[in-house]
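All values below come from the heavy atoms of this structure, side chains included, with hydrogens, waters and symmetry mates left out. Chain naming here is simple, since letters A, B, ... match the order of the sequence lines and numbering starts at 1 in each.
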Protein chains: 2
Amino acid sequence: MLNISGGKRGRITIHEVAAAAAVSISTASKALNDTGRMGSETRERVKRIAAAIGYRPNALARGLLSKRSFTIGLLTNDTYGRFTLPVMAGISDALVDHGVSVFLCAIEDDPALAQIHVDAMLDKQVDGIIATGKRLDRRLPVDLSNLHVPVVYAFTEGTQNSVTFRSDDEQGARLAVEWLVKIGRRRIAHITGPEDFFSVRERAGAYHEVAGHREPVLYGVWSESWGHEAVDQLWRRPGEKPDALFCGNDQIARGAVDALRERGVKVPQDVSVIGFDNWEIVAAQTRPPLTTVDMELKELGRQAGLTVLALAEGRPVEPGVRKLPCRLIVRQSCGGEAPQG
Amino acid sequence: MLNISGGKRGRITIHEVAAAAAVSISTASKALNDTGRMGSETRERVKRIAAAIGYRPNALARGLLSKRSFTIGLLTNDTYGRFTLPVMAGISDALVDHGVSVFLCAIEDDPALAQIHVDAMLDKQVDGIIATGKRLDRRLPVDLSNLHVPVVYAFTEGTQNSVTFRSDDEQGARLAVEWLVKIGRRRIAHITGPEDFFSVRERAGAYHEVAGHREPVLYGVWSESWGHEAVDQLWRRPGEKPDALFCGNDQIARGAVDALRERGVKVPQDVSVIGFDNWEIVAAQTRPPLTTVDMELKELGRQAGLTVLALAEGRPVEPGVRKLPCRLIVRQSCGGEAPQG
DNA sequence: GTGATCTGAGAAAAGCTTTTACCAATCCTT
DNA sequence: AAGGATTGGTAAAAGCTTTTCTCAGATCAC
């Protein structure tokens, strides 16, 4: 049988450090935290001894006093992890240097479960909460508006007077369509997701502006099969076919590429296809690999992390919605110049 | 400017409860924890008042005393989240009822980063650590063997005398090949990942046993394009073609299905294709949707969570490797009977 | 040489909860 | 009715740090 031998009894406290250095506890504490007044040789000796015996301060005791737990909570309803994982990586990346750890709480659009997780986080005195979702125009199924800890929203709808991070879908769509125009495409169709998504409408708006309305927008669902079917619809129609497809996400783009290949249409020679999301697993494995728009989710997470940290430390932060610019990832599904980077 | 108004000063402590109920702090504590002796009306009154004023015990203070933080750490080097997210979901699912929250620490095969995260978790007095990876025969780049908190391994190689959870790849492969045999296939080829993966060898072994060695195993990489290329190789060879493909993961299977379609071979009529992983995003979007083997990662996470909890509570646990059975997911890429469930 | 300032360090409180020890009043037993 | 058990509750300690206050001794000014 396996048993955790010794338990936590062996943990070294500041008492041991003080005893080993033959100083008082307060002196030891001040030496280690570079506070207070004392001789530099004393300070160094305490530090040296603490390091030698492997002392690490107990974050619970420290947090109890300082009201900072160096812990934040990440709430998400994105079970798939399509958005959460990059955002999480960015948050973690930004906060690990500050000694902050992240509780990940996956709530499956279940208000009761969400409340349990929020309560647990508050009990554990999190310094703040980041709420993330998978679409900009939906709220998480739990009210975070009067929490006495700071809350930052990322990729989900925030409350009045909160700070919310999102990608700039309009700019991203513009980037995509301008690229298609730049490489000489003129009959650009837009195959995208459900029209009730805010980001779908925003991207469609940008598409109309840049492309000049030559083709209608095909709204559907976020799946490969919709991309496939949309191409069938377009190519069954009489008249000139599009020479480029701007797709609402990489899955749709992939379905479209497959459908074009089955029809004998060459990508990118005959038709350029551009995706959205830069979901590597889809975009890079498509043949040819997809040129697409990256929403810089990791950077978004990083900024959200730094913001919640700022709020937790009492630094003032301007409320409002922050739109982060997207970035064009050039691969081979559009033709044009060679991939950069 | 946004500022966290009030900070945590407003938090209600047990002092407020005691004062409101006109009892001592110790009485209040005992009433709320159902310990000690007191009149039932006193106990009820305290509970009622605590609920009314919204008292929640401070987990930091409680943990400082009890040596239990009701927190565990999840360490992973699986950046993609292919394995981590389901495992994480299972862990969270199993532990949320016990009031345990999970720190997610993504280490990118970076030993220094891993050490930072482990130290941070230990400072925060986690009750245990679950280490997860993306392959069974690799270690995480950090030593967790002498930690004085329990460590459980999931989907990564553990240390001597630890408890490790993994899927039963042999049984899973057997499930797949037996299914192909059952629906009448006889010339079953196996296209899989790199031979240096332990699970690849294990699956190949089961394949050989069940299929009776009729076809060689094609080792490659875990990508669609390898699945595609492997089919080309098989179909370029002279002689009879396979009537079934057992693929090492869903991505390979998908590449194979695409290649077959391009060759005019019908799936599942002419050739059955079976995948491995049940990665919905790939398996369900393939045309036809893939029959595949599910590794029950969520259940694996659940068991790992309960095990680390048991160890944290001092309950003895049998060390060793626990193989969890896989499950066959029948979709349409093999033919045979209709999808079940 | 005396009062004022500075230096190095320790004592104690605070942060919040749980647990142990203890006490006064009531009840039971014989 | 007296001694012992039971009941209902309180005081205090413990858990680990950080911070504020205090203090003794040394240094300095004049």
**Prompt:** After noting the C-alpha distance and the side-chain angles of Lys67(B) and Gln125(B), does the key distance pass the side chain to side chain contact (heavy atoms under 4.5 Å, CB included) rule?
**Reply:** CA-CA 8 Å; Lys67(B) 309 279 198 183; Gln125(B) 312 290 114; 5.8 Å; no
**Prompt:** Who pairs with Asp78(B) by side chain to side chain contact (heavy atoms under 4.5 Å, CB included), at least two apart in sequence or on another chain?
**Reply:**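 For Asp78(B), the residues satisfying side chain to side chain contact (heavy atoms under 4.5 Å, CB included) (neighbours in sequence not counted) are Thr76(B), Tyr80(B), Arg82(B), Phe83(B), Thr84(B), Lys134(B).
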**Contacts of Ser92(A) that satisfy side chain to side chain contact (heavy atoms under 4.5 Å, CB included) - sequence neighbours left out** =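 Only Met88(A), His117(B) meet the side chain to side chain contact (heavy atoms under 4.5 Å, CB included) criterion with Ser92(A).
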**Asked** Tell me: CD of Glu44(A) to P of dG8(C), nearest whole Å?
**Response**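 It works out to 14 Å between those atoms.
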**Request:** Please report, rounded to the nearest Å, how far the P atom of dT18(D) is from the CZ atom of Phe70(A).
**Result:**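 One finds 10 Å between P of dT18(D) and CZ of Phe70(A), rounded.
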**Side-chain heavy-atom pair Ile129(A), Met121(A) within 4.5 angstrom cut-off** =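 SC-SC contact between Ile129(A) and Met121(A) confirmed.
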**Message:** Within the structure provided, determine whether Val151(A) and Thr159(A) are in side-chain contact (heavy-atom separation under 4.5 Å).
**Reply:**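 SC-SC contact between Val151(A) and Thr159(A) ruled out.
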**Prompt:** If you look only at pairs with a residue in residues 15-71 of chain B, which of them pass as a ring-ring contact (aromatic ring centres under 6.0 Å, His included), with sequence neighbours excluded?
**Reply:**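 Qualifying pairs, neighbours excluded: none.
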**Request:** Name all residues meeting the salt bridge (charged side-chain N to carboxylate O under 4.0 Å, His left out) criterion together with Asp143(A); count only those two or more places apart in sequence or in a different chain, and write none if there are none.
**Result:**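 Scan of Asp143(A) (salt bridge (charged side-chain N to carboxylate O under 4.0 Å, His left out), adjacent residues dropped) gives none.
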**Asked** What does the inter-axis angle of the helix from dG1(C)-dC30(D) to dT30(C)-dA1(D) come out as, five pairs per end, nearest 10 degrees?
**Response**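 Angle reported: 50°, given to the nearest ten degrees.
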**Message:** If we count only N and O atoms by modelled type, under 3.5 Å, do the side chains of Ser101(A) and Lys124(B) hold a donor and an acceptor together?
**Reply:**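 Yes - a donor-acceptor pair under 3.5 Å links their side chains.
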**Prompt:** If the sugar-phosphate is the primed atoms plus P, OP1 and OP2 and the base is the rest, what is the B/S/- string for nucleotides 10-22 of chain C, using protein heavy atoms under 4.0 Å?
**Reply:** BBB-BBBBBB---
